[in-house]
A.B. asks: 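This structure is in structure tokens; I'll ask about it shortly.
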Amino acid sequence: MSVRDDLAERVGVDLEAVDPLRVALYATLVGLVAFYLSPLESGLMTALKTEAEFATSPPFVPPTVEGFTLEPFGVAIDTLSSAILNSIMLAVPATVLSALFGSFAAYGLTNFEWRGQLGVVALFIAGIFIPYQAVLIPLSRLWAIVDTQSLLAPVLDITVFSVQVPVLGTVELATHPHYASIINLIITHTAYGIPITTLLFRGYYKKLSTEMLEAARLDGAGAFTVYRRIVLPLSMPMFAVTLIYQFTQVWNDLLFALIIIPSGSGPAAVATIALNELTGGIIQTFNTQMAGAFVAALPTLLVYVLFGDKFAKGVAGGT
């Protein structure tokens, strides 16, 4: 018996039936996955090392027993806790509002015929391709003229208070003047997210059964009733797509935050600004920076975990 036959008998595999092309394909895919995940592995290993351990070993090498520490994560959480709460207060309303307004607009653009409809669709498409840099000066001038704090003062008077947040511990919320900057960011991200959410919902709604909607109208249901009772329940997969996409975009934004929040790294700072400040300074603590990056990325990861199945269904067209 040859060595090849002996090996096939031991492992229980018919080597003649093994496709070399398939083996090469899987080997290539595994290599690409390892290459793609290598920066994450290096970042995690760096975050788990002491400064002395990081200085004496390559970033991708796991820490030794003496060089292992969780202190960088503790420092990162203490530094970013207030900013993460600000980002949650920003990202959740901005994401939900842009998805809702996009759904409303798409419903009007797909289920009704009216003059100028194609022109409005063209404007939504153009809105997607407007770069952030092109609106920075008008945006900064707008929020310099509009005094959100004065407008909200009669109906919103928030004072300083502290809350207990799991994992983050005690977080002191900023006074209401700083919340004006958060509200400005919510409005900005909502407006900037409406074009892309509208087109996503429009493509989804064009696949809905027109006979079903017409039957509802013949039964006497109005436009709002049709949307609330039929279209909205069927839109949950696409809501998952838009919520994940918009939440990620809003959470990771740094440019608008730097322009709209005048206090920089003050009480109104969001997670990206605080993380940017964490990487500054003369002495670079790379383990703390990497830990901060993982802490700041955790909310988006949780969103993908919670809505991942609906996201896949929405991308597949709801089938």
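Along the sequence shown, the residues carry numbers beginning at 1. Values reported hereafter were calculated over all heavy atoms of this structure, with side chains retained and with hydrogens, waters and symmetry mates removed.
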A.B. asks: Restricting to side chain to side chain contact (heavy atoms under 4.5 Å, CB included), what partner residues turn up for Ile259, sequence neighbours left out?
C.D. replies: Leu136, Ser140
A.B. asks: Test your reading of the model: is there a side-chain donor-acceptor pair from Asn287 to the backbone of Thr50, 3.5 Å cut-off?
C.D. replies: no
A.B. asks: Grab the two heavy atoms, one from Pro299 and one from Ala296, that are nearest each other, plus how far apart they are.
C.D. replies: CD-O, 3.4 Å
A.B. asks: Give me the atom names and distance for the closest heavy-atom approach of Gly193 to Ser98.
C.D. replies: C-CB, 4.2 Å
A.B. asks: Angle class for the Phe294/Phe73 ring planes (parallel below 30°, perpendicular above 60°, tilted otherwise)?
C.D. replies: tilted
A.B. asks: Using a side-chain heavy atom cutoff under 4.5 Å and only I, L, V, M, F, W and Y, what cluster partners does Val30 have?
C.D. replies: none
A.B. asks: What pairs of donor and acceptor atoms, side-chain ones from residues 39-49 against any protein atom, are under 3.5 angstrom apart with sequence neighbours left out?
C.D. replies:
unit_1	atom_1	unit_2	atom_2	d
Ser42	OG	Ser38	O	3.1
Thr46	OG1	Ser42	O	2.8
Lys49	NZ	Ser57	OG	3.0
Lys49	NZ	Pro58	O	2.7
Lys49	NZ	Val61	O	2.7

A.B. asks: Kindly work out whether a path of hydrophobic side-chain contacts (I/L/V/M/F/W/Y, heavy atoms less than 4.5 Å apart) joins Leu275 to Val75.
C.D. replies: no
A.B. asks: Given side-chain hydrogen bond (donor to acceptor under 3.5 Å, both in side chains), test Thr197 with Tyr245 step by step and report yes or no.
C.D. replies: CA-CA 9 Å; Thr197 57; Tyr245 175 83; over 6 Å; no
A.B. asks: Determine all donor-acceptor pairs shorter than 3.5 Å in which one atom belongs to a side chain in residues 120-134; sequence neighbours excluded.
C.D. replies:
none

A.B. asks: For residues 214-233, which side-chain N or O atoms pair as donor and acceptor with protein atoms under 3.5 Å away, sequence neighbours left out?
C.D. replies:
unit_1	atom_1	unit_2	atom_2	d
Glu214	OE2	Arg217	NH1	3.2
Tyr227	OH	Ser103	OG	2.6

A.B. asks: With sequence neighbours excluded, what pairs up with Arg115 under the side chain to side chain contact (heavy atoms under 4.5 Å, CB included) test?
C.D. replies: none
A.B. asks: Provide the closest heavy-atom pair for Ala91 versus Phe247 in the form atom of the first, atom of the second, distance.
C.D. replies: CB-CE1, 3.6 Å
A.B. asks: Any chance you could measure Leu80, atom CG, to Ile273, atom CD1, to the nearest 0.5 Å?
C.D. replies: 12.0 Å
